[in-house]
Amino acid sequence: MPDRRHILLLLAPALIVLGGLFLTGLGLTLLRSFRYFPALGLTQPDLAAYAAILTTPGFLKSLALSLWIAATSTLIAAALALGAALVLRQTFPGRAFVSFLVQLNLTIPHIVGAIGILYLFSQSGSFARLAYAAGLISGPQDFPALTQDPFAIGIILLYVWKELPFITLILLANLQTLGEDHEAVARSLGASRWQTFRHVLLPMLMPGLASASGLVFAFAFGAYEVPLVLGAYSPKALPVLAWQAWTDTDLATRPEAMAMAVVIALIGLLLLALVARTLNRGERDAR
C-alpha cells in the first residue's frame with residue numbers, strides 16, 4: 001500500500017495537468033455541443049445541434065461507414081496479428097529480420113501511409129499504370145477502385161497495415177510472459193495442437209487481444225485524416241463530417257461539429273467500457 005501511495009504521489013503532477021487539460025477540453029466540447037457559444041450569441045443551452053445532425057441526410061450512412069471501417073480493420077488486424085505473434089514466437093532462420101519488418105511501419109505516420117496507399121493503389125496510381133503498361137487493363141480507369149470507393153477498401157488496408165504490428169507486439173509480450181508450461185501440460189494430457197491453442201492458449205491471450213483491439217477500434221472510428229485522404233466523396237466517414245463542420249467558414253456549424261465529436265467519443269468510450277467489463281467478468285469467472 002505505501003508503494004502504491006508513493007507511485008501516485010510521483011504521478012500526481014502529470015495526472016493533474018493531463019486530467020485538467022482533458023476535462024477542460026471535454027467540458028468545452030460538451031458546452032459547444034449544447035449550443036452554448038457566447039461568441040456567436042448563443043447563451044441558452046439546448047439539444048438543437050444533436051437534433052440537427054440526427055436529421056441531416058447521410059448522417060446515419062456516415063455513422064455506419066465509420067463503424068464498418070473500424071470493425072473490419074480491427075478484426076482483420078487482430079486475426080493477422082494473432083497469427084504473426086504465434087509465428088514470431090517460434091525460432092527459425094531470419095526471425096529477427098521478419099520481426100524487424102513487422103515493426104518497421106510503427107514509425108510511419110498514418111497520413112504518410114495514406115498518401116502512399118493513394119499513390120500506389122488509386123486508379124491513377126503506380127500499380128494501375130504498371131498494369132496498363134503490361135497490357136493487363138485497357139486503361140488506368142479499369143484498375144479496381146481501391147481508394148475513394150464505397151467499401152473503404154483503401155482505408156481498411158491502411159489501418160490493417162498500421163495497427164497489425166501494434167497488436168502483434170502486445171501479443172508477443174503476453175506470450176513471453178505466459179511461457180510454454182501450460183501448453184506442455186495440455187499436450188502431455190493428450191490435447192492436440194489445435195485443442196491446446198483453442199482451450200488453453202487463446203483464452204489466456206484474450207485479455208491482451210481484446211484490450212489492444214478495443215484501442216484500435218476506438219482510434220479507427222475516431223480518426224479523420226485517413227478517411228479524408230482515401231475516403232469516397234459520399235458517404236463520408238463521420239469524423240470527416242465533424243472536421244468539415246468545424247472548419248466551415250460558417251461558425252454556426254461549430255455546435256454541430258462538437259455534437260458529432262461527442263457522439264464519436266461516446267461510442268468509443270462505450271466500446272472500451274464494454275471491453276473492460278468483459279475482461280473483469282472473465283477474471284472473476286477464472287477465480
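Since the structure is predicted, the reported quantities are computational estimates derived from the model, not experimental observations.
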inquiry  = Over 60° means perpendicular and under 30° means parallel, so tell me whether F217 and F221 are parallel, tilted or perpendicular.
reply    = parallel
ask   = Do S33 and Y50 have a side chain donor and acceptor closer than 3.5 Å?
value = yes
message = Using only atom types and a distance under 3.5 Å, with no angle test, would you say the side chain of D46 pairs donor to acceptor with the backbone of R35?
response = no
inquiry  = Could you check whether any side-chain N or O of N105 sits under 3.5 Å from a backbone N or O of I108, counting only pairs where one atom can act as donor and the other as acceptor?
reply    = no
key: Main-chain N/O of M258 paired with R32 side-chain donor or acceptor, under 3.5 Å   = no
query = What class does the angle between the rings of F219 and Y159 fall in, given that below 30° is parallel, 30 to 60° is tilted and above 60° is perpendicular?
reply = perpendicular
query = If only atom types and distance count, is the side chain of T56 paired as donor or acceptor with the main-chain N or O of F59 below 3.5 Å?
reply = no
query = Got more than 12 heavy atoms from elsewhere within 6.0 Å of CZ, F197?
reply = yes
task = Please check if atom CZ in F92 has more than 12 non-hydrogen atoms from other residues, nucleotides or ligands closer than 6.0 Å.
result = yes
request  = Return yes if some donor-acceptor pair links the side-chain N/O of T253 with the main-chain N/O of D250 below 3.5 Å, else return no.
outcome  = yes
ask   = Heavy atoms, side chains only, cut-off 4.5 Å: are R193 and T196 in contact?
value = no
message = Around atom CH2 of W68, are there more than 12 heavy atoms from other residues, nucleotides or ligands closer than 6.0 Å?
response = no
Side-chain (T55) to main-chain (A52) donor-acceptor, under 3.5 angstrom = yes
request  = Please answer whether the main-chain N or O of L238 pairs with a side-chain N or O of S66 as donor and acceptor at a distance below 3.5 Å.
outcome  = yes
Heavy-atom donor-acceptor pair, S73 side chain to A70 backbone, under 3.5 Å = yes
inquiry  = Please check if the number of heavy atoms outside R198 that lie under 6.0 Å from its CZ is greater than 12.
reply    = no
request  = Flag the pair F127 / F143 as yes when their ring centroid distance falls below 6.0 Å, and as no otherwise.
outcome  = no
remark   = Here the pair of heavy atoms bringing P227 nearest to A237 is CB-CB, 3.7 Å
ask   = Can you check whether L230 reaches L157 side chain to side chain, under 4.5 Å on heavy atoms?
value = no
note = On a heavy-atom basis, the closest approach of H110 and E163 is NE2-OE2, 2.7 Å
query = So which heavy atom on L241 is nearest to which on S62, and how close?
reply = CD1-OG, 3.2 Å
query = Side chains of L205 and L178: closer than 4.5 Å at any heavy-atom pair?
reply = yes
inquiry  = Quick check with a 6.0 Å cut-off and a 45 degree axis cone: is K162 positioned over the face of F166's six-membered ring?
reply    = no
ask   = Sub-3.5 Å donor-acceptor pair from the side chain of Q148 to the main-chain atoms of V229, do we have one?
value = yes
request  = Without swapping roles, check the side chain of Q123 against the backbone of Q141 for a donor-acceptor pair under 3.5 Å.
outcome  = yes
